[in-house]
**Q** 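Supplied in structure tokens, the structure appears directly below.
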2 protein chains.
Amino acid sequence: MGDGTRTSFHDVKQEVLRRIQDRIWPQGTVLPTEIKLAKEFGCARATVNRALRELSEQDILDRKRKSGTRVKIMPAKHAKFEISIVRREVEESNAVYRYALVAKNQIPAPDWLSARLKLPSEQMVLHLLCMHYSNNIPFQFEDRWINIETVPDIVEANLEAIGPNEWLLQEIPFSEAEISFSAAAADHKLADFLSLTIGAPVFQMERTTWLRDKAVTLVRMTYHQGYKMTARY
Amino acid sequence: MGDGTRTSFHDVKQEVLRRIQDRIWPQGTVLPTEIKLAKEFGCARATVNRALRELSEQDILDRKRKSGTRVKIMPAKHAKFEISIVRREVEESNAVYRYALVAKNQIPAPDWLSARLKLPSEQMVLHLLCMHYSNNIPFQFEDRWINIETVPDIVEANLEAIGPNEWLLQEIPFSEAEISFSAAAADHKLADFLSLTIGAPVFQMERTTWLRDKAVTLVRMTYHQGYKMTARY
DNA sequence: CAGTGGTCTAGACCACGGT
DNA sequence: CCGTGGTCTAGACCACTGG
């Protein structure tokens with residue numbers, strides 16, 4: 001610590017973490033106040049503050065005014081999955097990406113969709129089916145519904161060239177979404193497109209996207225057999 | 001903004017976000033420097049800095065010394081899943097949680113496990129099978145391997161009362177992990193424990209945990225049929 | 001080399017929430 | 001009430017990197 005350079009908030013973080021891992025501060029322990037720690041580490045309170053703040057953002061500490069900072073008892077771990085566009089995912093595995101638009105229909109929203117996305121009944125939506133290939137092997141089947149009201153330009157877009165996901169990401173870059181993963185059995189259509197046997201277990205990702213309380217799109221991606229979604233934390 | 005209170009980094013974040021969403025700063029735009037923004041917003045540079053730093057942590061901005069801050073072109077979205085212990089997950093759905101230890105064996109690590117966890121060959125490991133129930137309905141089947149070297153106390157632990165996950169979380173609270181989700185077909189054993197038909201698609205989560213470069217545990221959780229793992233972002 | 005973000009400091013005031 | 005974290009400020013120096 002006293003090696004000539006000033007103590008950085010990184011140093012503080014690391015030392016606090018060490019004390020937790022080494023049971024110097026077991027779970028539940030109340031840490032010294034920021035002022036005391038600042039004195040001990042020979043740095044400004046703001047430096048300690050940033051260190052502790054980041055640790056609490058990582059769910060390692062609990063901070064409350066007046067009662068102080070304590071080591072979390074049961075840290076809820078968070079797995080962070082990077083949801084990138086399919087093209088990038090394929091290309092990052094050094095494979096050749098290919099995309100095909102299978103179907104495109106502009107229709108009034110079916111009832112289940114209106115209910116799910118809180119659309120006015122008879123709202124026009126765009127229904128798309130797409131395939132994504134990795135080295136010409138089926139990689140992902142995409143079944144997507146788009147609320148035309150929120151992205152009218154989609155009707156004119158050339159979706160033969162660029163996938164709807166990429167198009168939407170350019171158009172509506174920052175939106176709210178709910179995502180879910182599940183397992184399902186391949187039905188006839190999925191088996192056809194993904195070259196599977198009917199009933200084969202497939203990994204699915206379903207995502208609903210909202211922009212300022214209005215639904216933009218609902219998509220279900222079905223992956224090729226054996227696909228794994230991986231993350232570190 | 002000029003309502004008497006000082007401008008907070010929250011205000012800055014929100015305003016910057018608004019300008020991005022309203023296409024005042026389209027994707028790729030280089031933002032004014034922190035100093036200019038601080039002047040514009042009437043606050044200190046540190047305030048702007050914190051706002052922009054947090055936005056870049058959210059993958060909305062790209063920041064580089066010298067070249068400045070720009071709006072990310074293709075923001076990689078991150079889905080953050082809270083991985084809590086099963087008991088909590090069940091209890092949060094207002095159901096009654098029950099846990100059962102099915103099998104417990106202390107054996108030398110099989111070769112595939114040694115390879116996967118980088119264990120010395122013949123390292124002793126603990127192999128556990130557990131069931132978790134929600135309202136007495138099968139909820140999750142847990143198949144776990146524990147490296148005894150890293151957590152010797154596990155041998156003495158009473159795993160009839162508390163699940164190994166909870167026990168480990170208390171003992172080794174802060175560790176590195178790799179997690180992956182996938183779909184599989186239920187084999188005979190899974191079908192038995194989870195009351196499924198053989199071949200039914202099931203959702204699986206596999207997790208490897210490391211503490212300071214040493215493997216702690218490898219676990220595969222298989223969920224009841226129809227399970228969905230959900231998150232917002 | 002010079003411009004931009006990255007960080008530290010010392011001091012100040014505020015806001016929440018136990019006692 | 002009053003202790004603790006939450007935040008802002010003004011100024012300073014540093015570190016990286018593009019030209």
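The sequence lines fix the lettering, A, B, ..., with proteins before strands; numbering per chain opens at 1.
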**Q** Ignoring hydrogens and angles, state whether a donor on the side chain of A/S180 or A/E206 is under 3.5 Å from an acceptor on the partner side chain.
**A**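 The criterion, which ignores hydrogens and geometry beyond distance, is not satisfied for A/E206 and A/S180.
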**Q** Rounding to a whole Å, what distance do you find between A/I35:CD1 and C/dA10:C1'?
**A**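 From A/I35 CD1 to C/dA10 C1': 12 Å.
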**Q** Is any side-chain heavy atom of B/K72 closer than 4.5 Å to one of B/L61?
**A**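 No, too far: nothing below the 4.5 Å cut-off.
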**Q** A/R53 or A/K66: which one's nearest nucleotide on DNA chain D is closer to the 5' end?
**A**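 Checking each residue's closest nucleotide, the 5'-ward one belongs to A/K66.
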**Q** Taking donor-acceptor contacts at under 3.5 Å, does the side chain of A/R45 reach the base of D/dG6?
**A**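 By the distance-only test, yes, there is a pair.
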**Q** Can you tell me if A/S67 touches the phosphate of D/dG3, counting only side-chain N or O atoms and a distance under 4.0 Å to OP1 or OP2?
**A**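 Negative; the distance criterion is not met.
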**Q** Rounded to the nearest angstrom, tell me the gap between atom CZ in A/R6 and atom C1' in D/dA12.
**A**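 Spelled out: CZ on A/R6 to C1' on D/dA12 is 8 Å.
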**Q** In terms of side-chain heavy atoms of A/T33, which of D/dG5, C/dT9, C/dG18 is nearest?
**A**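 It is D/dG5.
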**Q** For the pair made of CD in B/E54 and C1' in C/dG5, what is the distance, rounded to whole Å?
**A**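 Answer to the nearest Å: 16 Å.
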**Q** Take atom CG of B/D62 and atom P of D/dC16, then tell me their distance rounded to the nearest Å.
**A**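 B/D62 atom CG is separated from D/dC16 atom P by 18 Å.
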**Q** Please tell me which of the listed nucleotides, C/dC16, C/dG5, D/dG18, lies nearest to the side chain of A/R65?
**A**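 Minimum distance to the A/R65 side chain belongs to C/dC16.
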**Q** Using OP1 and OP2 only, check whether a side-chain N or O of A/R63 sits under 4.0 Å from D/dG6.
**A**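 It does, given that an N or O in the side chain of A/R63 lies less than 4.0 Å from OP1 or OP2 of D/dG6.
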**Q** For B/N49 and C/dG5, is the shortest distance between a side-chain N/O and OP1 or OP2 below 4.0 Å?
**A**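 So the side chain of B/N49 is outside the cut-off, no N or O lying under 4.0 Å from OP1 or OP2 of C/dG5.
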**Q** Rounded to the nearest Å, what distance is computed from the NZ atom of residue A/K39 to the P atom of nucleotide C/dC8?
**A**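 The distance from NZ of A/K39 to P of C/dC8 comes to 20 Å, rounded to the nearest Å.
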**Q** Below the 4.0 Å mark, does D/dT7 have OP1 or OP2 next to a side-chain nitrogen or oxygen of B/T47?
**A**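 Indeed not, no polar side-chain atom of B/T47 lies that close.
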**Q** Tell me: CZ of A/R50 to P of C/dT9, nearest whole Å?
**A**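 Rounded to the whole Å, the gap is 13 Å.
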**Q** May I have the distance from A/E34 (atom CD) to C/dA12 (atom P), rounded to whole angstrom?
**A**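 The answer, rounded to whole Å, is 17 Å.
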**Q** Treating A/D22 as the side-chain partner and A/R19 as the backbone partner, does any N or O pair qualify as donor plus acceptor under 3.5 Å?
**A**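 No.
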**Q** With a 4.0 Å limit, can you tell me whether A/S8 has a side-chain N or O closer than that to the phosphate oxygens OP1/OP2 of C/dC8?
**A**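 For C/dC8, OP1 or OP2 has a side-chain N or O of A/S8 closer than 4.0 Å.
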**Q** Between C/dT9, D/dG5, C/dT7, spot the one nearest the side chain of A/A44, thanks.
**A**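 Taking heavy atoms from C-beta onward, the closest nucleotide is C/dT9.
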**Q** Which whole-number value in Å describes the distance from B/H10 NE2 to C/dC14 P?
**A**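 Nearest whole value for this atom pair: 19 Å.
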**Q** Might you point out which heavy atoms bring B/R87 and B/Y97 nearest each other, and give the distance in Å?
**A**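 Answer, listing the atom of B/R87 first, then B/Y97: CG-CD2, 3.4 Å.
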**Q** Do B/R144 and B/T217 get their side chains close enough for a donor-acceptor pair, meaning under 3.5 Å?
**A**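 Yes, because at least one side-chain N or O of B/R144 sits under 3.5 Å from a partner of the opposite role on B/T217.
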